[in-house]
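One structure is given below, encoded as structure tokens.
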Amino acid sequence: LMSLKVVEHKKGSDLTSIEAIGCQNLWGQVFSEQSKHQIPIDTALHFSDDSTDYVVASWNKDRWIADDFFFIKDENNKFVAAARYRLITMFFNNKEFQIMGISNVASHPDVRGKGYGVALCKALKDYATEHNITAVGFCLHSNSPFYRKCGFNIIEEAITNDNWIYKTLDGQVHVNRWDQDVLYAEEGQNGFIAEVLANPGVPVILSKDYW
């Protein structure tokens, strides 16, 4: 069974049309609010793998091209788990930090409890370690034990306390109302998380409200 949990890693610019749509469909199935955007995977078969035309139309190439994609397919080539890393700028204590934002971590409901999610998240953690980067994401408090099992650290209730916010150019503040905790792997040398932990109550300003 371990052979079925091989995590593939590709840049968004290198995804085939089938891989791009496979990840998108999986996320659409897992995150119900996106389900209306699902594209039948068979549709991708009408396009060659080296063509980006369909991906641009449905996948928004400019938005995803620089992201790092991690995904797992089962023995039938069905996409059963996927996640992304995106380079994000954080502002804290009048300093600017570059981190990798963890996004769209998901496994298909049919394979829950079979180790696919753990394999996926351990691959994210290993990538952070191997490349000396600081990775940061958000999650519900109920999901924090899972991420701890995969090697991530948790700042509990960081989102609930409105310490991580997005501020628009005109000064409007957006607060994440879906998540509660911050998960992270501080493998980089920028000291971002250490500084955040040393200054509780000082808000972290995100350069994007969603990544």
Side-chain angles (χ1 to χ4, degrees), residues 1-12 14-35 37-42 44 49 59 64 67-88 99-156 158-159 178-188 193 210-211:
L1 289 178
M2 288 304 296
S3 63
L4 303 180
K5 299 182 181 65
V6 174
V7 181
E8 298 184 52
H9 167 231
K10 283 190 175 183
K11 281 287 187 183
D14 297 327
L15 289 178
T16 67
S17 58
I18 290 177
E19 289 167 342
I21 296 169
C23 289
Q24 181 170 276
N25 276 352
L26 171 65
W27 290 328
Q29 292 166 0
V30 173
F31 305 117
S32 58
E33 68 274 13
Q34 298 177 11
S35 61
H37 301 301
Q38 286 185 49
I39 301 169
I41 190 65
D42 289 342
D49 283 351
W59 189 246
W64 310 96
D67 292 355
D68 286 273
F69 285 75
F70 297 78
F71 54 89
I72 305 175
K73 295 180 286 186
D74 66 11
E75 66 275 16
N76 298 313
N77 276 328
K78 176 181 177 180
F79 287 75
V80 293
R84 289 187 296 111
Y85 267 144
R86 170 170 290 181
L87 185 63
I88 298 291
I99 62 96
M100 294 298 283
I102 305 167
S103 185
N104 294 123
V105 178
S107 60
H108 195 280
D110 291 347
V111 300
R112 298 275 168 80
K114 296 183 179 180
Y116 289 96
V118 171
L120 178 71
C121 288
K122 285 187 175 179
L124 292 172
K125 176 63 167 58
D126 290 345
Y127 183 86
T129 301
E130 292 167 8
H131 293 81
N132 297 314
I133 61 175
T134 296
V136 176
F138 310 126
C139 68
L140 295 173
H141 185 65
S142 58
N143 291 335
S144 289
F146 167 79
Y147 287 109
R148 281 196 176 99
K149 182 171 67 173
C150 297
F152 289 95
N153 296 300
I154 301 293
I155 307 176
E156 294 187 357
I159 304 300
W178 296 276
D179 300 304
Q180 294 153 349
D181 296 352
V182 170
L183 63 115
Y184 70 92
E186 184 157 52
E187 306 294 350
I193 293 294
Y210 171 76
W211 61 67

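What you see below is based on every heavy atom in this structure, not just the backbone, and it leaves out hydrogens, waters and symmetry mates. Bear in mind that the values here come from a model prediction, so they are computed numbers and not experimental data.
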- Do Ile159 and Val182 come close enough that some side-chain heavy atom pair is under 4.5 Å? yes
- Task: List the atom of Ser107, the atom of Arg112, and the distance in Å for their closest heavy-atom pair.
- Result: O-NH2, 2.9 Å
Validation: residues 133-146 side-chain donor-acceptor distances under 3.5 Å, sequence neighbours left out:
from, atom 1, to, atom 2, distance (Å)
Thr134, OG1, Gly188, N, 3.4
Thr134, OG1, Asn190, OD1, 3.4
His141, ND1, Asp181, OD2, 2.7
Ser144, OG, Asp181, OD2, 2.6

- Roughly how far, to the nearest 0.5 Å, is CZ of Arg86 from CD1 of Ile102? 14.0 Å
- Query: For Trp27 and Ala106, which heavy atoms make the closest approach, and how far apart are they?
  - Reply: CD1-CB, 3.8 Å
- One should read off an interatomic distance between Ile21 CD1 and Leu26 CG, to the nearest 0.5 angstrom, of 13.5 Å
- Do you know the tightest heavy-atom contact between Leu120 and Ala82? CD2-O, 3.4 Å
- Message: Just so I know, are the side chains of Pro109 and Val30 near enough to count as touching, which here means a heavy-atom distance under 4.5 Å?
- Response: yes
- Task: Run the numbers on Glu19 and Phe79 for side-chain contact (heavy atoms from CB on, under 4.5 Å), then give the verdict.
- Result: CA-CA 8 Å; Glu19 289 167 342; Phe79 287 75; 4.1 Å; yes
- Applying side-chain contact (heavy atoms from CB on, under 4.5 Å), run through Lys10 and Thr16 and close with a yes or a no. CA-CA 10 Å; Lys10 283 190 175 183; Thr16 67; 4.2 Å; yes
- Which heavy atom of Cys121 sits nearest a heavy atom of Val105, and at what distance? SG-CG1, 3.7 Å
- Applying the ring pair (Phe, Tyr, Trp, His ring centres under 6.0 Å) test to Tyr85, which of Phe70, Trp64, Trp211, Phe69 qualifies? Phe70
- Task: Decide, yes or no, whether a salt bridge links Lys11 with Asp68 under the criterion of side-chain N to carboxylate O below 4.0 Å.
- Result: yes
- Message: Is there a side-chain contact (heavy atoms from CB on, under 4.5 Å) between Tyr184 and Ile99? Walk through the geometry before answering.
- Response: CA-CA 10 Å; Tyr184 70 92; Ile99 62 96; over 6 Å; no
- Task: Output the distance between atom CD1 (Ile155) and atom CG (Leu183), rounded to the nearest 0.5 Å.
- Result: 9.5 Å
- Nearest-0.5 Å distance that lies between atom OH in Tyr116 and atom CD1 in Ile72: 7.5 Å
- Query: side-chain contact (heavy atoms from CB on, under 4.5 Å) between Lys78 and Asp110: does it pass, once the steps are laid out?
  - Reply: CA-CA 11 Å; Lys78 176 181 177 180; Asp110 291 347; 3.5 Å; yes
- How long is the gap from CD1 on Ile154 to CD on Gln180, to the nearest 0.5 Å? 11.5 Å
- Item | Gln24 CD to Asn104 CG distance, which is reported to the nearest 0.5 Å | 10.0 Å
